[in-house]
Amino acid sequence: MRGFNLDHLQTFADVVRLGSFSAAAARLNLTQPAVSLQVKQLEQKLGLRLIERTGRRVMPTAAGRALLQQAAGIDAAVQAALEAVAQHGRGVTGRVRIGIGATACIHLLPPALSDLRRRFPLLDLAVNTGNTPEILRAVEANDLDLAVVTLPPAGAGARSLGRAFEVTPLLIDEFVAIAPKNHPGLRLPDPATPAALAGLPLIIPEPGGNTRGLIDAWFGAAGLVPKPGMELDSVEAIKQLVGAGLGCSVLPGMALSTPEARRGLALRALRPKLSRQLALVLRRDKALSRGLRETLASLRRLAAKRRP
């Protein structure tokens with residue numbers, strides 16, 4: 001281990017996972033020559049070639065693949081060692097990287113982050129938003145420590161969920177129908193049904209995400225296919241357009257949980273009911289630092305307060 005540079009190991013792993021030196025340089029905020037030099041120095045230290053070019057991408061050699069398989073374990077061991085030392089000092093230190101959907105980031109996460117920052121000012125909290133499949137890929141690659149996602153995931157995430165991840169249900173989020181308040185042409189019955197909504201101009205999330213999939217299935221169970229006039233990737237933008245009188249929508253109730261979030265909108269329960277399951281997801285082999293344990297505990301406490 002003498003002279004073995006862990007930063008060089010991380011650089012090598014990023015080059016392989018991202019498929020190029022330039023992408024790794026951008027992620028690490030380094031120049032491309034600096035990234036190339038770090039990988040070269042690692043190869044020289046080990047006396048083996050770790051990377052080869054295949055067309056426009058770089059690929060690991062057999063030795064590189066063997067090293068990459070051990071990289072996550074090395075990182076976990078280092079983090080555990082740092083955590084053991086930090087416990088002899090003051091407070092909780094280290095870094096926790098959280099992946100979460102945009103709606104939960106806005107309407108669920110802030111109280112937990114505020115609680116953690118107040119109790120552990122030295123804990124570095126990093127938050128990345130995205131859709132469920134890309135967040136799960138980042139957790140699997142150890143680029144994120146923890147995910148808060150909607151179940152079930154689609155695509156490759158669904159196939160590897162049980163094998164690669166530890167999944168803990170967090171809370172149930174019921175959907176509601178929304179319409180502009182006091183708009184004579186866009187009035188919804190209470191509760192709102194698929195048939196009632198299908199006859200109105202709809203503004204709903206764009207295809208491809210879990211939220212849209214759940215909405216389509218809700219209409220489909222009634223033998224209907226939603227025909228939206230607008231499809232957006234932002235729940236907050238949908239709320240604004242509905243409030244402006246441009247249509248109606250079906251959205252997760254979490255996005256409408258405060259008076260400010262409901263301003264200018266009329267809410268209706270759905271019949272039949274529609275909900276989504278949010279869950280905490282980690283790699284099964286993830287080493288739980290004290291900072292990560294405290295983050296998980298804070299999210300669980302917050303979810304418990306939101307349950308009816």
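Reckoned from all heavy atoms, side chains included, excluding hydrogens, waters and symmetry mates.
- Considering all non-hydrogen atoms of both residues, I135 and G101 come closest at CD1-N, 4.0 Å.
- Using a 4.5 Å heavy-atom threshold, the side chains of N210 and N131 count as separate.
- Within the 4.5 Å cutoff, side-chain heavy atoms of F21 are placed close to those of R53.
- Separation of atoms OG (S22) and CZ (R27) is listed at 14.0 Å; rounding is to 0.5 Å.
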- Query: Hey, mind stepping through L151 and V167 against side-chain contact (heavy atoms from CB on, under 4.5 Å) and telling me if it holds?
  - Reply: CA-CA 10 Å; L151 298 181; V167 181; 3.8 Å; yes

- Begin from the C-alpha positions of Q240 and E236 and carry the test side-chain contact (heavy atoms from CB on, under 4.5 Å) through to its verdict. CA-CA 6 Å; Q240 291 296 319; E236 298 306 303; 5.8 Å; no

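- The hydrophobic clustering, which links ILVMFWY residues whose side-chain heavy atoms are closer than 4.5 Å, places L282 and V127 together.
- By the criterion of side-chain heavy atoms lying less than 4.5 angstrom apart, applied directly or through intervening Ile, Leu, Val, Met, Phe, Trp or Tyr residues, L46 is grouped together with I74 in one hydrophobic cluster.
- Annotation: the span from T103 atom OG1 to D173 atom CG amounts to 8.5 Å, rounded to 0.5 Å.
- Minimum heavy-atom separation, C105 to P110: O-CD, 3.1 Å.
- Each of M254 and I106 belongs to its own hydrophobic cluster when Ile, Leu, Val, Met, Phe, Trp and Tyr are linked at side-chain heavy-atom distances under 4.5 angstrom.
- Judged by distance alone, with hydrogens and angles left aside, the side-chain atoms of R65 form no donor-acceptor pair with the main-chain N or O of L67 at under 3.5 Å.
- The side-chain heavy atoms of R283 and E166, taken from C-beta on, include no pair separated by under 4.5 Å.
- Judged by distance alone, the side chain of R268 and the main-chain N or O of A177 form no donor-acceptor pair under 3.5 Å.
- In this structure, V15 and V35 have side chains that are in contact, with non-hydrogen atoms separated by less than 4.5 Å.
- None of R300, R118, R117, R119 except one satisfies the salt bridge (Lys or Arg N to Asp or Glu O under 4.0 Å) rule with E294; the exception is R119.
- Hydrophobic clustering of Ile, Leu, Val, Met, Phe, Trp and Tyr side chains at less than 4.5 Å, counting indirect connections, unites L296 with I100.
- The minimum heavy-atom distance linking L186 with G245 is given by the pair CD1-O, 3.6 Å.
- Residues R263 and K239 form no side-chain contact, since every pair of their non-hydrogen atoms from C-beta on lies 4.5 Å or further apart.
- Taking every heavy atom of both residues into account, L42 and L9 meet most closely at CD2-CA, 4.1 Å.
- Here the shortest heavy-atom pairing between L68 and F12 reads N-CE2, 4.2 Å.
- Side-chain atoms of E43 and Q38, non-hydrogen and from C-beta on, never get closer than 4.5 Å to each other.
- To the nearest 0.5 Å, atoms CG (L116) and CG (D124) are separated by 12.0 Å.
- The line from CZ of R97 to CG of L292 is 10.0 Å long, rounded to the nearest 0.5 Å.
- A donor-acceptor pair shorter than 3.5 Å cannot be found between the side chains of N5 and K45.
- Following chains of ILVMFWY side-chain contacts shorter than 4.5 Å, one cannot reach L18 starting from V139, and the two form parts of different hydrophobic clusters.
- Listed by first then second residue, pairs satisfying side chain to side chain donor-acceptor pair (under 3.5 Å) with a partner in residues 218-234 read R212-E231, not counting sequence neighbours.
- The 12-atom threshold is not exceeded at CD of E260, counting heavy atoms of other residues, nucleotides or ligands nearer than 6.0 Å.
- In this structure, the separation between CZ on R17 and CD on E140 is 10.5 Å, given to the nearest 0.5 Å.
- Taking Ile, Leu, Val, Met, Phe, Trp and Tyr as hydrophobic and joining them when side-chain heavy atoms fall under 4.5 Å apart, one finds L265 in a cluster with V176, I178, I203, M230, L232, V235, I238, L241, V242, L246, L251, L256, L267.
- Residues R306 and L108 share a closest heavy-atom pair of CD-CD1, 3.6 Å.
- We find the CG-CZ distance between L171 and R276 to be 8.5 Å, quoted to the nearest 0.5 Å.
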- Quick one: do I98 and N128 satisfy side-chain contact (heavy atoms from CB on, under 4.5 Å)? Show the steps, please. CA-CA 6 Å; I98 305 167; N128 294 76; over 6 Å; no

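- F219 has its side chain within reach of L202: a pair of non-hydrogen atoms, C-beta onward, lies under 4.5 Å apart.
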- Candidate pair R301 and D115, rule salt bridge (charged side-chain N to carboxylate O under 4.0 Å, His left out), full reasoning: CA-CA 11 Å; R301 285 194 298 271; D115 169 62; 3.5 Å; yes

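- Annotation: side chain of T11 is in contact with side chain of V39 (closest heavy-atom distance under 4.5 Å).
- No more than 12 heavy atoms of other residues, nucleotides or ligands sit less than 6.0 Å from atom CZ of R271.
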